[in-house]
Amino acid sequence: MPKGRIIVDVDKCKGCGLCLDACPLHLLELANDTVNKKGYQPMRIHTPEKCIGCANCAMMCPDVVITVEKL
Amino acid sequence: MQNKIYIIVGHYGSGKSEFAVNFAKKLKQENKEVCLADLDIVNPYFRSREMRLSLIKLGIDVISDTLNSVKGLDMPYLSPAIKGQIVHNKKNMILDCGGDVVGIRVLKQFYQEIKERNYEIYMIVNVYRPETSTVDKIIEMKNKLENEIGLSITGFINNSNFLKQTSIDDIINADKLLKEVSQKTNVPIIYISALEKYIKQLPDKVSGERFVLNLSLRTDWL
Amino acid sequence: MAKVMMKGNEAMALAAIKGGCKAFFGYPITPQSELPEYLARHMHKHGGVFLQAESEVAAINMVYGASGAGARVLTSSSSPGIALKQEGISYIAGAELPAVIINVMRGGPGLGGIQPSQADYKQVTRGGGNGDYYVLAYAPENLQETVNVIKEAFDLADLYRNPVMIAVDGLIGQMMEPVDLDVEVPKRDLPEKDWATIGTYGKREPVNVNSLFLDPQDLENHSFKLAEKYKLMKKNEQRYEFVNMENAELVIVAYGTMARIVRSALEILKNEGINVGLLRPISIWPFPEKAFKEFPDTVKGILTCELSTGQMLDDVKICNNGKLPINFFGRTGGMVPEPEEIVKAVKDMIGGLK
Amino acid sequence: MGNVVFKRSNGLSKKEFSYCPGCTHGIIHRLVAEVIEELGVLDKTIGISPVGCSVMNYEFFNCDMQQAAHGRAPAVATGIKRVRPDNIVFSYQGDGDLASIGTAEIVHAAHRSENITVIFVNNAIYGMTGGQMAPTTLIGQKTTTSPYGRDEKHAGKPIKMSEMLATIPGATYIERVSVHDPLHVRKAKKAVKKAFQTQIEGKGFSLVEFISSCPVNWGKTPQDALNWVKDNMIPYYPLGNFRSPEEDDKND
């Protein structure tokens with residue numbers, strides 16, 4: 001069971017990748033196979049079940065597109 | 001007769017410089033040696049030094065700033081000759097100060113020298129200036145000025161006017177007010193000053209010697 | 001309050017308080033320093049704010065902030081200081097904020113001198129800063145008129161959401177004159193300041209005070225909107241006085257202190273049987289172009305008199321539109337002419353016309 | 001549904017930030033917005049936008065805003081605060097704005113101890129006008145107006161605003177922070193909160209200097225830019241507190 005969950009406003013993500021290094025468990029990646037409405041490669045979580053809800057990704061997101069829940 | 005220092009103080013805009021220039025001429029006409037020192041470092045316009053050239057022609061010394069300016073200088077540059085003249089005591093001196101407490105601050109550096117000499121301190125009053133418009137306000141201004149100089153005012157000059165809009169009643173009303181001040185403070189009213197046309201119409205009962213003012217700093221068209 | 005004797009600068013300060021001014025930001029400069037000094041002594045008694053800024057640039061930007069937050073604000077300065085304030089004045093006009101600015105003019109250019117001058121005419125009437133804008137500008141000739149127009153200026157600034165400038169020369173700032181501070185002036189119907197940044201307090205959406213329009217179409221729209229406002233000012237706010245115009249063979253155009261000198265000159269001329277009129281612009285922006293259509297047929301020429309080398313002259317030329325010959329007489333740098341000099345200029349012109 | 005531990009602050013408008021990907025303006029905006037909201041003063045806050053990349057941040061903060069001329073935000077803030085002392089007033093300024101054209105205004109706002117909060121964003125470059133040298137550009141750093149690298153003999157050494165402002169008796173709270181990793185972001189928020197609290201308590205001038213990045217004009221990826229902040233900027237611009245109200249209380 002995951003301890004946390006992130007909800008990403010995908011279409012507002014600019015794909016800067018600052019969240020990637022912020023995730024202590026390296027669970028985040030930029031989606032190589034898709035672009036969002038803005039034309040950016042959005043970030044996504046590749047192993048959501050490992051998320052601990054630490055919110056480090058949200059801390060670093062310059063566009064405030066991540067909502068974080070503790071489960 | 002001993003030379004005197006006449007110190008002209010008062011609320012700014014009450015007519016100190018016009019009086020000082022006229023007073024200098026009056027003393028000169030009485031065959032006295034006169035030096036007019038313009039100590040006004042507050043105002044940039046309408047200062048007695050603007051009359052320097054015409055007063056010098058009359059044989060009246062004028063000292064003010066180190067540059068002997070006439071118009072256009074707004075730096076203090078107080079001339080050392082002022083102190084020199086006070087100390088030498090060779091002439092009657094008129095010290096024309098800037099207005100209010102700020103204007104007479106400059107006198108402090110001459111305090112010792114003035115104290116040792118024969119002096120008069122005249123407070124010019126125009127009761128139609130808002131800050132000297134009542135008995136209490138005039139006395140308050142007098143006290144403030146005295147506190148600043150550390151010397152007592154020895155006489156009032158009633159110079160109350162509305163310039164071209166003055167009426168004789170305005171002057172008579174001012175006289176009543178200043179008489180009350182004079183009674184309360186025991187300071188005499190030395191002169192009542194006005195343009196000649198008003199002086200001629202003044203009733204006998206007004207206090208102070210009549211003093212005819214010829215405006216020189218303010219031109220006719222103003 | 002009855003008539004009192006006041007110095008121009010202090011009368012202007014008191015007039016601002018009477019006009020509802022609640023904040024003053026300024027920086028000392030001769031010959032207007034008695035104005036901030038007066039407000040430093042009295043503003044707090046009327047619940048207002050007085051602050052001496054670190055520079056004219058800061059002062060005008062404080063005016064911007066305070067006005068944007070809904071207060072009636074004043075600043076004052078003299079010519080070189082007004083030049084420094086042009087940045088802020090442009091922003092104030094751009095953001096459509098009200099403000100009253102007093103300019104006690106001295107000689108220039110550069111540091112110039114401290115004596116009276118009207119050499120800021122173009123600085124005052126051509127906007128002054130960057131962009132397509134104007135300030136409503138008045139150039140009164142005596143203290144009573146100055147006091148009245150300052151009281152009215154706060155209403156006008158609020159009404160048009162535009163800077164209003166009072167341009168007087170140093171003599172008006174420095175001279176004493178009887179004045180009644182309580183003369184009633186026209187009141188305007190003023191809209192709510194719903195644009196002011198005073199906090200939302202949960203009652204409305206946030207507002208923004210701003211002069212930035214990056215989209216050229218938006219900026220053009222904004223500029224045309226401002227232009228409409230200036231048209232309205234031109235229609236409604238031209239102010240002038242005619243003196244002795246009946247059968248005048250010459251009209252002198254002069255404002256402020258120069259107009260006072262001209263009045264004396266007209267008396268001298270009248271005694272010599274020479275009939276000359278005076279058009280005295282009271283608003284210098286909008287310039288009273290309407291007045292030029294009211295000249296009687298007897299007028300054969302125009303003499304423009306200024307305390308400058310000829311700045312209003314251009315506006316006179318525009319309004320005259322080539323109809324009548326125009327001469328110019330000016331003194332500058334702080335030199336103030338005697339009425340006789342104007343009499344001579346009039347006679348010279350009349351002689352030339354014959 | 002879980003327990004929401006992080007969501008977009010109501011102190012921010014719905015509008016998307018216009019900044020380049022990875023620009024830390026966004027993080028700093030968020031911190032300011034969160035603090036204003038958490039302190040319960042959002043509805044009485046008035047912000048001032050500068051000239052620079054964040055010139056349009058009046059669109060991003062969910063409170064009343066005024067846009068100021070370049071460098072003049074502290075003067076505009078002064079005007080607002082003096083006529084509306086019960087409102088909370090903050091200015092948001094970059095290094096060109098605050099440390100170059102507006103040095104007089106910031107120095108004198110601090111000197112008067114204006115009861116305002118200043119958010120100062122130092123990324124060692126002029127971002128908006130196209131990557132020119134800023135007063136805070138590091139020695140050797142190449143910009144479009146220091147094409148051979150900043151030479152101190154020619155352009156002087158980079159100015160340390162927090163240190164300088166901390167020497168002013170009127171400055172109440174001065175702290176330098178960075179947002180290059182989550183730990184520092186959390187620390188930075190504490191500083192912002194302290195700054196606004198200083199104002200709410202009427203204690204006078206507060207300023208938080210953010211060491212920030214400009215991936216585009218620095219020519220780096222967003223993450224590399226943050227690494228550059230850590231490796232090059234922070235050694236020259238040390239983080240920490242330079243002035244605090246408590247210290248002033250002690251000295252009183």
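No hydrogens, no waters, no symmetry mates; every other heavy atom, side chains included, goes into these values. The shown structure was predicted, so the numbers you read here are calculated from the model rather than taken from an experiment.
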**Q** Do you know which two heavy atoms are closest between D:Pro21 and A:Cys16, and how far apart they sit?
**A**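 Where D:Pro21 meets A:Cys16 most closely, the heavy atoms are C-CB, 3.6 Å.
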**Q** How about D:Lys142: does its NZ atom have over 12 heavy atoms from other parts shown lying under 6.0 Å from it?
**A**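 Open.
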**Q** Can you tell which part of D:His29 gets under 4.5 Å to a heavy atom of chain A, answering side chain, backbone, both or neither?
**A**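 For D:His29, no heavy atom lies under 4.5 Å from chain A.
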**Q** Sort D:Val5 into side chain, backbone, both or neither according to what part of it lies under 4.5 angstrom from a heavy atom of chain A.
**A**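 It is both, since atoms from each part get that close.
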**Q** If I take atom SG from residue A:Cys57 and atom CZ from residue D:Phe6, how far apart are they, to the nearest 0.5 angstrom?
**A**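 So the gap between those two atoms works out to 8.5 Å.
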**Q** Check whether any side-chain heavy atom of A:Met60 lies under 4.5 Å from a side-chain heavy atom of D:Leu226, and answer yes or no.
**A**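 They are in side-chain contact.
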**Q** Return the CZ to CG distance between D:Arg8 and A:Asp9, rounded to the nearest 0.5 Å.
**A**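 Result: 8.5 Å between the selected atoms.
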**Q** Just verifying a value: how many Å separate D:Thr24 OG1 and A:Leu18 CG, rounded to the nearest 0.5 Å?
**A**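 Answer for the OG1-CG pair, D:Thr24 versus A:Leu18, is 8.5 Å.
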**Q** Please indicate whether D:Lys220 has more than 12 foreign heavy atoms, meaning atoms of other residues, nucleotides or ligands, lying under 6.0 Å from its NZ.
**A**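 Above 12, so yes.
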**Q** Let me confirm one number: the CG-NE2 distance from A:Asp63 to D:His25, rounded to the nearest 0.5 Å.
**A**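 Output value for this atom pair is 12.5 Å.
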**Q** Is D:Ser213 in contact with chain A via its backbone, its side chain, both, or neither, using a 4.5 Å heavy-atom distance?
**A**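 For D:Ser213, no heavy atom lies under 4.5 Å from chain A.
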**Q** Does the pair A:Lys38/D:Glu16 count as a salt bridge with the N-to-O cut at 4.0 Å?
**A**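 Salt bridge present between A:Lys38 and D:Glu16.
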**Q** Please check if the side chain of D:Arg30 supplies one atom and the backbone of A:Met59 the other of a donor-acceptor pair under 3.5 Å.
**A**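 Answer holds: yes.
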**Q** Checking the side chain of A:Lys14 only, and the main-chain atoms of D:Cys23 only, is there a donor and an acceptor separated by less than 3.5 Å?
**A**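 It does not hold such a pair.
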**Q** A:Cys19 versus chain D, heavy atoms under 4.5 Å apart: side chain, backbone, both or neither?
**A**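 Neither part.
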**Q** Under a 4.5 Å cutoff for heavy-atom pairs, which residue among D:His184, D:Lys7, D:Arg186 has the most contacts with chain A?
**A**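 It is D:Arg186.
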**Q** Less than 4.5 Å to any heavy atom of chain D: does that hold for the side chain of A:Cys13, its backbone, both, or neither?
**A**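 Nothing of A:Cys13, per the 4.5 Å heavy-atom cut-off to chain D.
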**Q** With rounding to the nearest 0.5 angstrom, report the CD to CG distance, A:Glu69 to D:Asn3.
**A**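 The CG atom of D:Asn3 is 8.0 Å from CD of A:Glu69, to the nearest 0.5 Å.
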**Q** To the closest 0.5 Å, what do you measure between CG (A:Asp21) and CD (D:Gln223)?
**A**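 If I round to the nearest 0.5 Å, the distance is 3.5 Å.
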**Q** So which of A:Leu20, A:Ile6, A:Val64, A:Thr67 has the biggest tally of heavy-atom pairs under 4.5 Å with chain D?
**A**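 It is A:Val64.
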**Q** Using non-hydrogen atoms only, which part of D:Ile28 is less than 4.5 Å away from chain A: side chain, backbone, both, or neither?
**A**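 Looking at D:Ile28, nothing touches chain A.
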